[in-house]
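So the structure is just underneath, and the comments pick up after that.
Every value quoted in this text rests on a predicted model; they were computed, and no experiment measured them. Lettering follows sequence order; numbering is per chain, from 1.
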Amino acid sequence: MPLQENGRIRPKGIDRVKRREFIKRASQATGLAAVCVGGGWFFHDREWFKYEPPIVHKPDFQIAPDNAYPQISLSRNQDHVLALRDALDAVGGIARFVRAGERVTVKPNVGWDRTAAQAANTSPVLVGEMVRQCLDAGAAEVIVTDVTCNEARRCFLRSGIKEAAEKAGAKVILAVEDDYLVMDLKGRLLTSWPVLRHFVETDRLINMPIVKHHSLSMCTVGMKNLYGILGGRRNQLHQEIDQSIVDLAMFSRPTLTVVDATRVLMRGGPQGGSLDDVNIEHSVICATDQVAADARAVEFLGLAAADVAHIVQAEKAGLGLIDYRAAGYKENLG
Amino acid sequence: MTVGTVRNLRRFSQVSFFGVFCWLVLKTNFEVAISPDTVSEVFLPYPVSIALQFDPLVALTTLLANGTLFKGLLWSLAVLIPTIFLGRFFCGWVCPLGTLNHWISEIRSERISFRGKGKIESNRYKKYQRIKYYIFLFMIAAALFGTLQSGLLDPLPLMARSIGTLVLPTAHAAADGVLGWVKSFGFKPLSGAAQFVYDMFAPFLLNFRQVHFHGIVSIAILFGGIVVTNRVFTRFWCRGLCPLGAMLGIFSRYATFGLQKDEKSCDHCNLCLQSCQGADNPDVGTRWRQTECHVCLNCQAACPQGSLDFKFFPTLEGTRTNPPPNQRVDITKRKTVASLAAGAALFPMLRSGDSFEINADSRLIRPPGSVIEDDFLARCIRCGQCMRVCPNNALHPTLLESGLEGVWTPILIPKVGYCEPSCTLCGQVCPTGAILELTLLEKVGDKETPANRIGTAFFDRGRCLPWAMATRCIVCEEWCPTSPKAVYLKEELVTDRQGKEVRVQRPYIDPDLCTGCGACEFACPVVDQPAVYVTSVGESRSPDNQILLRRKKPTTIPPGETP
């Protein structure tokens, strides 16, 4: 029936919805509107991603001092395995540093895509022997890792460290993005930084640097090697290199520092590349004093520790002694 | 053997070749185990680019463009010769993009043109199928004059490029995103399960770390377009556009294997058309087209009357209701001439523009071992294998850095990744010799041999910390991999704003030593626009793109002084 014109009353039921239908349709629309308003209210100014404060934790892996042993020892031997064993025995042997069931992280310098002979990375022979020593002492697990500068897979492969460490029974870990913990380093300069988990979540840390020239810090030995525990924007650290090295050494106290001075990179560091820049020294240093280790090691570079700013600052900060002989020094020149 | 068995064989072949192709792209990766005591160089364990060397279009166009069949490209005869006798079996049995298109096309659809009569009509031969021949002829003429454009649309390079630089990186980002999202609930068993699944697939599907490629959206548009059009017309790409399909169609001209139809037993149910892949008119009453047929054998398997029979030497005679098969390529003379002429005009047109050499992008840094640009553009098929294998994510598909002529050819972007001196992988995987394989000695050089150079670094002294901000830095010098270092330092006493004296080392570049690897640019702390940057000048491959009249030997340069 057509609608009547001229505004007259229309017959009931033709152009009007039934009450039931009205309620249904009106509530559908209202429901959707309510969801929109509710959603808007719910999400308004809501912060899903809470700022997580950096973890405060001081990884101190040092062992109690014992006056029966020297703080630092140096051993020279054509056979680098024997040199390491000898130097290690002089400071008390592996049993003093690693106990049965402990998890040990070994931190060699694996910064660069270089071969062992080029002396930019720690000797794979020494890394392998160190892993073996730890496992012999009953370590539950030995992890070998480093945050490399060049591509991690190439560095671990071409340095020979992956092969040597795995052969010796270690677990080699290449750092990936979610392996980092954002930590408060509590340094004078360095505060919140990502640190590779395996350098914090472990029982013992053995720092295994190699002795190299560096144009800014003059040398890179033990304390500078700790740059490799960090992720993030490491390339900013150079701006205040001395303080950042000291902050790192204050933060991460290794159980033992084993310095590879079997080959020493005299120029073109820290990457090297030319064998002409490498001196053969056949020496290994073991030390419980980070500063003493660095102070002795820089002599291979023809430097005096007193001239190297970060070593001087580290001593001032109470990290150890530049006068390594006063710290107790034993030397076996073979 | 029944036709059903043969069809199942085809399905098995498709799955296998698709799997092998994807596996090869996956293995185009830094996954090697060497003993550094015995070998100092890194070699890939598999010939990962071999699939691309089986591509006859790659072989033909590179042959036309540079006059030689490079290394393994002779393998392409293994596809071409059987095609001459059997027809386009490659499209239906082997081609990974064809297989992908086949699968996508066969997903059930709500479109009218994918059901019943609509499907039958859409599977009849259409004139648009000629387009691929004109594309092919255009590419051929362009290649003959020296610009290789076939790689843009050639299915094998296209597939390798799309998987390597688009699909896998996207999958990586998606997997990481989902894992992070699941973990964000903080429910331990769920996080553990997600991590378990992730760890199961990540080692062989995902890269060691997330890679980021330049301009992947342009690659996505083409690849996505090819995939999506399958939902409108069955295998639209294969039927209408694929230049390799066109080439194989042309080479099927004298095929001895083909479809014989028996008009007497046929009751015109059209089931053959329902499942036809190539739109080659398998039904009785129309002219079967050899050059369009993918030899998938679906029609024969579908025929309830047994009227269709693929066999060697089918009779060419026919009746009025069943026209004889047509082995001729359906193209017109005028359009053939026009396509060839357009292709021939492409090269002079491109080279009369300014983007080749004359006003080339200064940041057009080619991979180490690349041949000179003219030859490079006659060889590169844009398969993206070099980009996929680069362990540093340094190589990327270009957008317009080498003009429209070089879209998706490789470029090194040091800000994303630098060239590792000891690495020669890109040359190892290049299937066409656009990047020559260097030995380690040729790459890094020694006292006598010059190193391979891809550019030269320059300092932006307005952004460099020791130069502009009285701040110590020299990260570039630390990272410089040459010996002696190409970045050298001069110590200077400068005063900062407060008048305090600061001793800084200011970096300089020695153009005699710089190889343009870009490690300095990569490591520079001025991250958004590095204060040291590489441009292509000084690259070994070019006699003209040089700065120095005479380059000193490394031995004549004193080792850097220690401060």
Side-chain angles (χ1 to χ4, degrees), chain A residues 48-49 111-118 120 124-125 149-164 166-167 174-178 213-220 233-242 265-277 301-303, chain B residues 30-37 39-42 176 179-180 183-184 208-210 390-394 417-418 420-423 444 446-447 465-466 469 471-485 487-489 505 507 519 522-527 554 559-563:
Chain A
W48 290 102
F49 301 101
W112 308 97
D113 177 21
R114 297 290 197 206
T115 56
Q118 288 167 323
V125 176
C149 296
N150 289 151
E151 214 275 334
R153 293 167 296 177
R154 292 198 77 94
C155 294
F156 272 91
L157 200 67
R158 286 189 79 245
S159 63
I161 287 176
K162 183 169 190 287
E163 202 199 13
E166 281 176 350
K167 222 179 237 171
L174 310 187
V176 289
E177 260 163 61
D178 58 353
H213 154 256
H214 191 284
S215 290
L216 191 59
S217 61
M218 299 173 77
C219 68
T220 144
R233 287 285 315 280
R234 252 165 35 179
N235 57 4
Q236 291 175 317
L237 298 179
H238 273 204
Q239 292 161 31
E240 296 193 34
I241 196 164
D242 301 321
L265 187 62
M266 303 300 288
R267 285 172 299 278
Q271 250 199 103
S274 171
L275 298 184
D276 295 347
D277 297 338
L301 293 166
L303 296 171
Chain B
F30 188 81
E31 263 177 55
V32 285
I34 57 156
S35 171
D37 292 337
V39 218
S40 59
E41 258 180 277
V42 172
D176 284 359
L179 182 69
K183 279 184 167 174
S184 73
F208 174 65
R209 63 190 170 103
Q210 174 76 53
C390 178
N392 283 1
N393 192 196
Y418 60 95
E420 196 68 67
S422 72
C423 178
V444 295
D446 63 5
K447 283 166 191 152
L465 273 64
M469 301 166 206
T471 303
R472 303 206 295 171
C473 183
I474 68 149
V475 178
C476 49
E477 191 261 3
E478 183 186 42
W479 276 68
C480 182
T482 63
S483 328
K485 286 176 186 289
V487 178
Y488 63 97
L489 306 168
Q505 294 154 303
F522 175 79
C524 180
V526 192
V527 284
E561 325 91 291
T562 46

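- Across A/S274 and B/S483, no two heavy atoms sit closer than the pair N-OG, 3.3 Å.
- Side-chain contact between A/R233 and B/P525 is present, with heavy atoms from C-beta onward closer than 4.5 Å.
- A/L174 and B/F208 make their closest contact through CB-CZ, 3.7 Å (heavy atoms, listed as atom of the first residue, atom of the second, distance).
- For the residue pair A/S215 and B/I474, the shortest heavy atom distance occurs at CB-CD1, 3.6 Å.
- Using a 4.5 Å cut-off between heavy atoms, A/Q239 touches chain B through backbone and side chain atoms alike.
- A distance of 10.0 Å separates CD of B/Q505 from NE2 of A/H238, quoted to the nearest 0.5 Å.
- Here the side chain of A/R154 pairs a donor or acceptor atom with the backbone of B/S422 at under 3.5 angstrom.
- Side-chain contact check for B/V42 versus A/R153: every heavy-atom pair is 4.5 Å or farther apart.
- Between B/P481 and A/R114 there is a side-chain heavy-atom pair separated by less than 4.5 Å.
- The side-chain heavy atoms of B/E478 and A/T220, taken from C-beta on, include no pair separated by under 4.5 Å.
- Inter-residue side-chain proximity for B/C480 and A/Q271 is flagged as unmet; no heavy-atom pair is nearer than 4.5 Å.
- Looking at heavy atoms from C-beta onward, B/W479 lies out of side-chain contact with A/N235 at the 4.5 angstrom threshold.
- When B/E420, B/R209, B/K485, B/E477 are compared by the number of non-hydrogen pairs under 4.5 Å with chain A, B/E420 comes out ahead.
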